[in-house]
Each structure stands twice: as C-alpha cells, then as structure tokens.
2 protein chains.
Amino acid sequence: MQSPFVYRLKSLELLKAEDFEFAENLIANLDVVDPGMRIIEEGRLQKKIFFVLDGWAVKYKTLKDGNRQIVNFILPGDIIGLFAPLFQHAEHTVESIVSMKLGVFPADKLIETVQDAPRLALALAWKAGQDERILEEQIVSLGRRSSAKRMAHLFIELYRRLRLSGYTREQAVILPVNQLLLSDALGLSHIHTHRIFRELEKHELIERLPGRIILHNLSILASLADFDESYLEPISLSKASRAL
Amino acid sequence: MQSPFVYRLKSLELLKAEDFEFAENLIANLDVVDPGMRIIEEGRLQKKIFFVLDGWAVKYKTLKDGNRQIVNFILPGDIIGLFAPLFQHAEHTVESIVSMKLGVFPADKLIETVQDAPRLALALAWKAGQDERILEEQIVSLGRRSSAKRMAHLFIELYRRLRLSGYTREQAVILPVNQLLLSDALGLSHIHTHRIFRELEKHELIERLPGRIILHNLSILASLADFDESYLEPISLSKASRAL
DNA sequence: CGTATATTTGAAAGCTGTCAACACTTGTGG
DNA sequence: CCACAAGTGTTGACAGCTTTCAAATATACG
C-alpha cells in the first residue's frame with residue numbers, strides 16, 4: 001500500500017515499517033465510488049471509516065431552507081469519518097465529486113489496531129489535529145475575509161493540500177469543482193461567486209473548463225489571499241511526541 | 001476530582017472507576033488565571049494541555065490587517081490544546097475572558113495514560129469529535145445563516161453546552177461576553193452586532209448588563225435560530241465502541 | 001432532440017461595513 | 001474628590017457589498 005495517506009504519514013518521520021503493516025492490515029476492502037455518491041449521510045449511523053486513496057469529495061450540512069454549506073473538501077490522503085463511529089448518527093453528508101477509490105475498514109478494527117500500534121494512533125491524532133486546523137481556517141475565511149480573498153484562499157489551500165499528499169508539483173492545478181460547489185463552500189450566492197470568479201479570471205489568475213478550474217500564477221493568488229501556510233504543516237510532530 | 005469534564009464523561013456511560021483515577025492522575029497541578037490572560041499563544045510551541053475546571057475563554061486567530069476571528073468559545077469541561085503538542089507551533093490564541101481554574105498536564109503524560117487506559121483514550125477521542133462538530137456548525141453559521149439567526153444560534157449553543165457540562169438548569173443564562181467579543185465570534189462589525197443585538201432585545205429575548213448578556217425565553221431564541229441540537233450529543237458512543 | 005444542470009447578465013433591493021461623533025463606565029493619579 | 005484616559009456602547013448617514021429576481025445561454029446526457 002503506497003497510498004497518499006501513507007505518503008503523508010511518511011513525511012511525519014514517525015512511523016516505522018511495522019506501523020505501515022498495521023496500516024495496511026486495517027483496510028478490509030477497497031471501494032470504488034462514482035461521482036455524486038453519498039459516502040456518509042447526515043442522520044445515519046456510521047460504522048465504517050474510509051481512507052481516500054484517490055478522488056475528491058465534499059463534506060456538507062444541509063439547512064432547513066434547503067441551502068447547504070460545504071464544511072470541507074476531502075482529498076486523496078484524507079480520512080472520512082474518523083470520529084463518526086463514536087456518535088449515534090452522522091452530522092454531515094460526504095459526497096464524491098469525482099470517482100473515488102476508498103480503503104474501507106470497520107471502526108472496531110481501528111480501536112484494536114490503535115492499541116497495538118501507538119505510533120499509528122499518534123499519526124491519526126496528528127491527522128485529526130490537522131483537520132481541525134483546516135476547519136478553523138475556514139471559519140476565519142468565512143468570518144473575516146472578503147469574498148475575493150476567500151476564494152483565492154480556498155484555491156491555494158487546495159493546491160497546498162494536494163502537494164502535501166504527493167499530488168501535483170505543477171505550476172498549474174486543475175480542481176474538479178464547478179461554481180455551484182464553490183459558492184456552497186464560500187458561503188456566497190452562486191451569482192456573486194460567478195462575479196468574483198470573473199475578477200480573478202480577468203487578472204489571469206485562473207482559467208476555466210466546464211466544471212473544472214485551472215489555477216495559474218499560484219504565488220500571486222497566494223499573496224492576494226494573504227495566505228499563511230503555517231496551518232498546513234508539512235513535517236512535524238514536536239519532540240515531546242517522538243518519545244514513543 | 002468532580003470537574004465538569006468528568007461530569008460530561010460520566011454521561012457517556014463508558015468510563016469505569018479506574019478510568020477516573022487515571023484522569024485524576026493526569027493533572028499535574030492546578031492553575032488559576034485572571035481574565036484577559038493568554039493561555040496559548042499563536043506561533044508558540046505548546047507543550048501543555050489544559051482541562052477547564054471553571055471559567056470561560058475564547059480561541060481566536062488574528063489576521064494581518066489586525067482583525068480577529070473567534071473560532072470557538074471554551075467552557076468548563078472543555079480541553080484546551082489537546083492536539084497542540086503534536087505541532088511545531090500553535091495556530092491560534094486562547095485567552096481567558098473571566099478568571100479560570102485549569103487542570104494542567106504535560107503532553108507526554110497524556111500519551112502514557114492513554115495507552116494504559118484505552119477507555120479514557122476513547123473518551124478523549126469522543127471529545128475531539130464533539131469539538132469538530134461544533135466547529136463545523138460554526139462554519140454553517142458563518143456561511144449560511146443571517147446575522148440574527150447566527151447570533152441566536154450562538155447563544156443557544158452556549159446555553160446547551162453549559163447544560164451538558166452540568167452548569168445551569170435555569171431558564172435565564174448569563175454569558176460573560178460583550179459586544180466586541182460577540183462581533184468577533186459572529187464575523188460582523190461591532191456596529192452591526194449592536195444593531196442585531198437591539199433587535200433581539202426589543203423582542204425581550206435577551207437582556208444586558210455591562211459586559212454580560214442574559215438570555216430569556218430560550219425556546220423562542222432556539223426556534224428563531226432553527227437550532228437543531230443533534231450536533232451536541234448528550235449521551236452516546238455507539239455500540240461498536242462499547243466493546244472495550 | 002429535449003430535459004436537467006450549469007453558466008451568464010442586468011437591475012433592484014437589502015444587508016452590512018465604514019465614518020464620525022457622542023455617551024457611559026471604570027480605574028488611575030493628582 | 002475631580003480630571004483624565006481607556007475601553008465599551010450608541011447613533012445616524014452613507015457607501016459598498018451581496019443577494020434576489022428574472023431571463024437568456026450554454027452544456028451534458030439519454
């Protein structure tokens with residue numbers, strides 16, 4: 001197994017060969033899902049956990065008035081529903097936006113494994129902490145960044161996250177998202193999303209194909225967004241936790 | 001130790017007597033902090049973890065332009081910096097808004113303890129999952145709720161969270177927050193925050209003392225906010241995880 | 001080819017931020 | 001006890017951002 005998840009964990013310089021074995025054994029079976037499938041559904045009991053080996057998904061909540069808010073994008077190397085089995089029902093829906101390859105395993109197996117491989121447990125905790133930081137940055141975006149900065153910020157975040165999982169070393173990145181999806185992630189109307197979109201396009205920072213977005217000129221985008229990459233830590237685990 | 005944290009964990013019906021002993025032993029010493037003190041500071045290495053035994057704090061990030069966004073409120077029973085020791089530096093600042101009583105312990109002690117008491121580890125994971133849900137709900141608020149609903153939603157959330165930790169059974173709740181704090185949490189200007197504030201006050205849903213807010217008529221506030229309490233789970237841990 | 005899904009535009013209405021003052025409270029030092 | 005400073009709360013007016021409405025164009029898919 002040389003998944004994006006493992007790639008990402010390797011950069012932690014924490015895990016040893018035996019840990020990777022444990023990680024491998026976790027996965028009971030592989031799942032291929034088509035675009036637009038619901039992997040986790042709001043309100044339902046969720047007993048399985050997924051490693052994203054390939055593909056993109058969005059995690060969102062639906063409001064009574066029918067609006068929805070995308071809470072996070074899910075990329076190769078991410079884990080879907082790590083905490084979900086601890087709760088009676090899922091709070092959000094996770095839906096694929098392209099076809100995906102998932103590693104599937106039941107929650108109780110995780111609990112066992114984690115006990116036998118404390119370093120792996122730590123790596124999972126690290127991943128959970130990383131996800132928390134991403135959510136917090138999204139809160140900052142929605143609360144205090146103008147819509148153009150917000151959009152630029154999201155683009156750069158996605159690009160950086162892809163890189164951290166070993167995808168993309170290019171200067172141009174293709175994101176499989178359309179304007180509706182974007183507006184639900186940015187908390188904007190789709191019409192306003194389109195306007196801002198045009199702005200960035202006019203300055204040749206982005207380009208569009210139907211249902212896809214191409215990022216050019218990532219450094220200008222990043223400075224436009226005041227992007228501070230520190231919340232996406234490439235290599236880490238402080239000394240304290242290397243003790244194991 | 002009969003802290004709000006333990007109170008909250010008890011409702012999980014997961015921990016046994018021995019686990020509480022472990023939890024007790026975690027705490028190396030108690031800390032009393034004055035209002036306005038920084039418990040965790042953005043950019044600094046963070047090696048300690050804190051249990052909030054009493055008091056309130058806010059967790060926020062500061063932007064280049066000086067603006068700040070409060071990411072979450074921290075209440076009795078919450079844990080400050082659970083994942084922080086896994087990273088090179090803290091991403092946010094945690095600042096007390098009233099005087100607080102904290103249980104302090106070093107990260108490596110947590111790692112040991114967690115290995116010896118897997119049920120406690122599970123309880124911590126549950127707490128992390130609960131925090132994640134709260135962040136996600138905040139994202140939904142900022143992205144898709146009108147400012148009045150957003151404010152009402154925040155108030156009800158704080159009330160519910162206090163109740164879940166054993167605080168407050170009253171129909172009126174006093175929150176130690178002022179309008180500036182509120183505006184930084186809601187992602188609004190302080191002037192607009194004040195306007196919305198007046199709205200709710202006019203309808204006698206809230207009342208004010210300097211630097212404090214009193215909630216009356218919680219049920220009307222909740223329906224105004226379309227508050228769906230399901231993301232704050234009082235008792236849970238699905239069957240799968242009770243195996244231990 | 002027709003339907004459903006996206007994208008695009010313009011105009012008007014509504015919400016929210018900024019500006020500029022002013023009032024009130026609290027705590028400090030004289 | 002008063003004056004003053006700093007922080008917080010209050011108001012009205014206006015500008016600017018964003019949504020909503022309505023309608024026209026693509027584009028994808030069976």
Side-chain angles (χ1 to χ4, degrees), chain A residues 34-37 58 63 65-70 95-99 140-154 174-202 206-214 224, chain B residues 34-37 58 63 65-70 95-99 141-154 175-202 206-214 224:
Chain A
D34 290 328
M37 298 302 292
V58 289
L63 298 178
D65 62 13
N67 266 130
R68 74 172 187 171
Q69 175 65 40
I70 291 177
E95 188 175 314
S96 59
I97 57 178
V98 295
S99 86
V140 173
S141 267
L142 289 166
R144 290 294 183 213
R145 278 195 256 266
S146 70
S147 48
K149 285 194 173 191
R150 198 141 91 221
M151 188 180 288
H153 197 279
L154 176 62
I174 299 181
L175 312 179
V177 297
N178 61 26
Q179 292 187 23
L180 279 179
L181 218 56
L182 248 193
S183 64
D184 282 337
L186 298 174
L188 299 170
S189 70
H190 73 280
I191 292 171
H192 197 62
T193 301
H194 174 248
R195 278 196 284 258
I196 307 294
F197 214 100
R198 272 335 245 303
E199 279 306 289
L200 297 184
E201 198 179 32
K202 207 172 62 191
I206 62 177
E207 187 193 328
R208 287 174 301 161
L209 303 179
R212 329 229 131 205
I213 299 169
I214 304 176
L224 172 66
Chain B
D34 290 330
M37 297 303 292
V58 289
L63 299 177
D65 62 12
N67 266 130
R68 71 172 190 172
Q69 176 64 42
I70 291 176
E95 188 175 314
S96 58
I97 57 176
V98 296
S99 85
S141 267
L142 289 166
R144 290 294 184 215
R145 277 194 257 266
S146 70
S147 48
K149 284 193 174 193
R150 199 141 91 222
M151 188 180 289
H153 197 278
L154 176 61
L175 312 179
V177 297
N178 61 28
Q179 292 187 21
L180 279 179
L181 219 55
L182 248 193
S183 64
D184 282 337
L186 298 175
L188 299 171
S189 69
H190 71 280
I191 292 173
H192 197 63
T193 302
H194 175 248
R195 280 196 284 253
I196 307 295
F197 215 101
R198 273 336 244 301
E199 278 306 291
L200 297 184
E201 198 179 32
K202 207 172 62 191
I206 61 177
E207 187 193 327
R208 287 175 300 160
L209 303 180
R212 328 230 131 204
I213 299 170
I214 304 177
L224 171 65

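Protein chains get the first letters and strands the later ones, always in sequence-line order, with residue 1 at the start of each. Keep in mind that the numbers below use all heavy atoms, side chains included, and drop hydrogens, waters and symmetry copies.
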I need the [atom1]-[atom2] distance between [X] and [N], as an integer number of Å.
X: B:E199; N: D:dT11; atom1: CD; atom2: P; value: 13 Å
X: A:N178; N: D:dA26; atom1: CG; atom2: C1'; value: 14 Å
X: B:R150; N: C:dC15; atom1: CZ; atom2: P; value: 13 Å
X: A:L180; N: C:dT8; atom1: CG; atom2: P; value: 11 Å
X: B:I196; N: C:dT16; atom1: CD1; atom2: C1'; value: 9 Å
X: B:L188; N: D:dC17; atom1: CG; atom2: P; value: 17 Å
X: B:L209; N: C:dT26; atom1: CG; atom2: C1'; value: 16 Å
X: B:H192; N: D:dT8; atom1: NE2; atom2: P; value: 21 Å

*May I ask you to say what B:G187 touches in the nucleic acid, namely base, sugar-phosphate or nothing, with a heavy-atom cut-off under 4.0 Å?*
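Result for B:G187 = sugar-phosphate.
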Could you tell me the separation between the [atom1] atom of [X] and the [atom2] atom of [Y], rounded to the nearest 0.5 Å?
X: A:R198; Y: A:I206; atom1: CZ; atom2: CD1; value: 10.0 Å
X: A:L142; Y: B:R144; atom1: CG; atom2: CZ; value: 9.5 Å
X: B:K149; Y: B:S141; atom1: NZ; atom2: OG; value: 10.5 Å

_I want to confirm an ordering. Mapping B:R212 and A:P210 to their closest nucleotides on DNA chain D, which one lands closer to the 5' end?_
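The answer here is B:R212.
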_Donor-acceptor pair present, B:R195 side chain and C:dG17 base, under 3.5 Å_ =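 Answer is yes: a donor-acceptor pair is held.
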Would you please confirm or rule out a distance under 4.0 Å between OP1 or OP2 of [N] and any side-chain N or O of [X]?
X: A:Q179; N: C:dT5; result: no
X: A:H194; N: C:dT7; result: no
X: A:R208; N: C:dT8; result: yes

*Which nucleotide, C:dT8, C:dT16, D:dT10, lies nearest any side-chain atom of B:R198?*
D:dT10
*Considering only side-chain heavy atoms of B:S189, which listed nucleotide, D:dT18, C:dT18, C:dT16, is closest?*
C:dT18
*Exercise: identify the closest heavy-atom pair between B:L181 and B:N178*: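 Residues B:L181 and B:N178, closest heavy atoms: N-OD1, 2.9 Å.
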*Any side-chain donor paired with an acceptor under 3.5 Å for B:H192 and B:R195?*
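There is such a pair between these side chains.
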*Using heavy atoms to find the nearest nucleotide of DNA chain C for B:I191 and B:S146 separately, return the residue whose nucleotide is more 5′.*
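Nearer the 5' end of the strand: B:S146.
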